Amino acid sequence: QVQLVESGGGLVQAGGSLRLSCAASGGAFSSLAMGWFRQAAGKEREFVAAIRGSVGTSYYANSVKGRFAISSDIVKNTVYLQMASLKPEDTAVYYCAASRQPLVTLGVDFWGQGTQVTVSS
């Protein structure tokens with residue numbers, strides 16, 4: 001069973017930056033596809049970013065492309081989401097996700113507990 005623990009959320013002004021971290025344990029990190037989703041109040045959970053661990057190729061939702069960057073550290077079993085030029089509409093609970101599929105967008109097997117990101121205008 002893979003456990004995912006997110007950290008790094010908080011309150012930031014519009015235009016600011018935050019880095020989220022997701023530490024994975026209990027599984028072979030290098031064999032997992034990792035990613036981030038978010039859920040704003042009253043909305044459905046949506047895809048944000050994904051990375052294919054073995055290749056390092058990254059994918060982004062159009063709404064965050066050019067502002068967010070996903071990366072992973074195989075030694076630390078950690079995936080990161082660097083967020084810049086944050087906007088109030090980025091406010092949401094951000095969830096780390098892991099999948100045994102090549103990409104998290106094909107199906108998520110494990111979720112983190114979520115971390116709140118609030119962007120003030």
Side-chain angles (χ1 to χ4, degrees):
Q1 186 76 4
V2 174
Q3 290 84 43
L4 304 174
V5 179
E6 302 102 332
S7 61
L11 174 64
V12 64
Q13 288 188 333
S17 300
L18 278 176
R19 188 178 78 158
L20 304 183
S21 300
C22 171
S25 61
F29 182 77
S30 60
S31 68
L32 296 171
M34 302 295 294
W36 292 90
F37 290 73
R38 67 186 182 187
Q39 187 168 18
K43 295 187 177 181
E44 293 189 354
R45 193 171 299 189
E46 64 175 5
F47 166 74
V48 175
I51 188 166
R52 294 185 69 166
S54 61
V55 182
T57 308
S58 54
Y59 305 84
Y60 300 94
N62 288 335
S63 59
V64 306
K65 200 172 294 183
R67 301 188 298 120
F68 291 11
I70 188 171
S71 61
S72 65
D73 186 328
I74 293 177
V75 174
K76 295 183 178 180
N77 286 0
T78 299
V79 63
Y80 303 97
L81 184 68
Q82 181 68 50
M83 306 183 293
S85 301
L86 283 162
K87 305 174 181 179
E89 51 263 42
D90 294 318
T91 295
V93 177
Y94 283 71
Y95 295 92
C96 181
S99 176
R100 297 188 183 98
Q101 303 280 353
L103 282 174
V104 292
T105 51
L106 298 174
V108 176
D109 294 298
F110 307 100
W111 291 100
Q113 82 286 356
T115 185
Q116 176 71 46
V117 172
T118 303
V119 184
S120 63
S121 57

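Just so you know, these numbers use all the heavy atoms, side chains as well, and skip hydrogens, waters and symmetry mates. Numbering of residues begins at 1 and proceeds along the displayed sequence. Bear in mind the structure is a predicted one, so any value in this text is a computation, not a measurement.
One distance of note links CD of Gln13 with OG of Ser120; it measures 5.0 Å at 0.5 Å rounding. Atom CH2 of Trp111 and atom OG of Ser99 lie 10.0 Å apart (nearest 0.5 Å). Going from atom NZ of Lys43 over to atom CD of Glu89 covers 8.5 Å, rounded to the nearest 0.5 Å. Atom CE of residue Met83 and atom CH2 of residue Trp36 lie 8.0 Å apart, to the nearest 0.5 angstrom. Here the OG atom belonging to Ser72 is positioned 11.0 Å from the CG atom belonging to Leu32, to the nearest 0.5 angstrom. Separation of atoms CG (Leu81) and SG (Cys96) is listed at 9.5 Å; rounding is to 0.5 Å.
For residues 76-85, there are no side-chain hydrogen bond (donor to acceptor under 3.5 Å, both in side chains) pairs, not counting sequence neighbours.
Counting heavy atoms from C-beta on, the side chains of Arg38 and Ser63 come closer than 4.5 Å. Put simply, the side chain of Val2 does not reach to within 4.5 Å of the side chain of Asp109, judged on heavy atoms. Here the side chains of Cys22 and Met34 are in contact, with some heavy-atom distance below 4.5 Å. Residues Pro102 and Arg52 meet the side-chain proximity criterion, which asks for heavy atoms closer than 4.5 Å. Counting only heavy atoms from C-beta outward, the side chains of Gln3 and Gln1 approach each other to under 4.5 Å. Using a 4.5 Å heavy-atom cutoff, the side chains of Asp90 and Val117 are not in contact. Looking at Val79 and Ile70, their side chains come closer than 4.5 Å, going by heavy atoms from C-beta outward.
Under the 6.0 Å cut-off for aromatic ring centres, Tyr95 and Phe37 do not qualify, their centroids lying 6.0 Å or more apart.
Closest approach of Ser30 and Ile74 over heavy atoms only: CB-CG2, 4.5 Å. In terms of heavy-atom proximity, Ala14 sits nearest to Pro88 at CB-CD, 4.1 Å. Taking all atoms of both residues into account, the shortest heavy-atom contact from Ala40 to Thr91 is CB-O, 3.7 Å. When all heavy atoms are compared, the tightest approach of Val104 to Gly35 is CG1-N, 3.7 Å.
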Steps toward side chain to side chain contact (heavy atoms under 4.5 Å, CB included) verdict (Lys65, Tyr59): CA-CA 9 Å; Lys65 200 172 294 183; Tyr59 305 84; over 6 Å; no

From CA spacing to verdict: side chain to side chain contact (heavy atoms under 4.5 Å, CB included), Thr115, Leu20: CA-CA 8 Å; Thr115 185; Leu20 304 183; 4.0 Å; yes

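Although no hydrogens or angles enter the test, the distance criterion places no donor-acceptor pair under 3.5 Å between the side chain of Gln101 and the main chain of Thr105. Without hydrogens or angle criteria, Glu6 side chain to Gln113 main chain gives a donor-acceptor distance under 3.5 Å.
A continuous path of Ile, Leu, Val, Met, Phe, Trp and Tyr side chains, each step under 4.5 Å between heavy atoms, connects Tyr60 with Val48, placing both in one hydrophobic cluster. In terms of hydrophobic clustering, with Ile, Leu, Val, Met, Phe, Trp and Tyr side chains grouped at heavy-atom distances under 4.5 Å, Val93 and Phe47 are assigned to a common cluster. Note on Val64 and Ile51: same hydrophobic cluster, where clusters join Ile, Leu, Val, Met, Phe, Trp and Tyr whose side-chain heavy atoms are under 4.5 Å apart, directly or indirectly.
Using the six-membered ring where Trp is involved, Phe68 and Tyr94 have ring planes that are tilted, between 30° and 60° apart.
The only option from Leu18, Leu86, Leu11 that meets the side-chain contact (heavy atoms from CB on, under 4.5 Å) definition with Thr118 turns out to be Leu11.
Heavy atoms of other residues, nucleotides or ligands lying less than 6.0 angstrom from CZ of Arg67 number more than 12.
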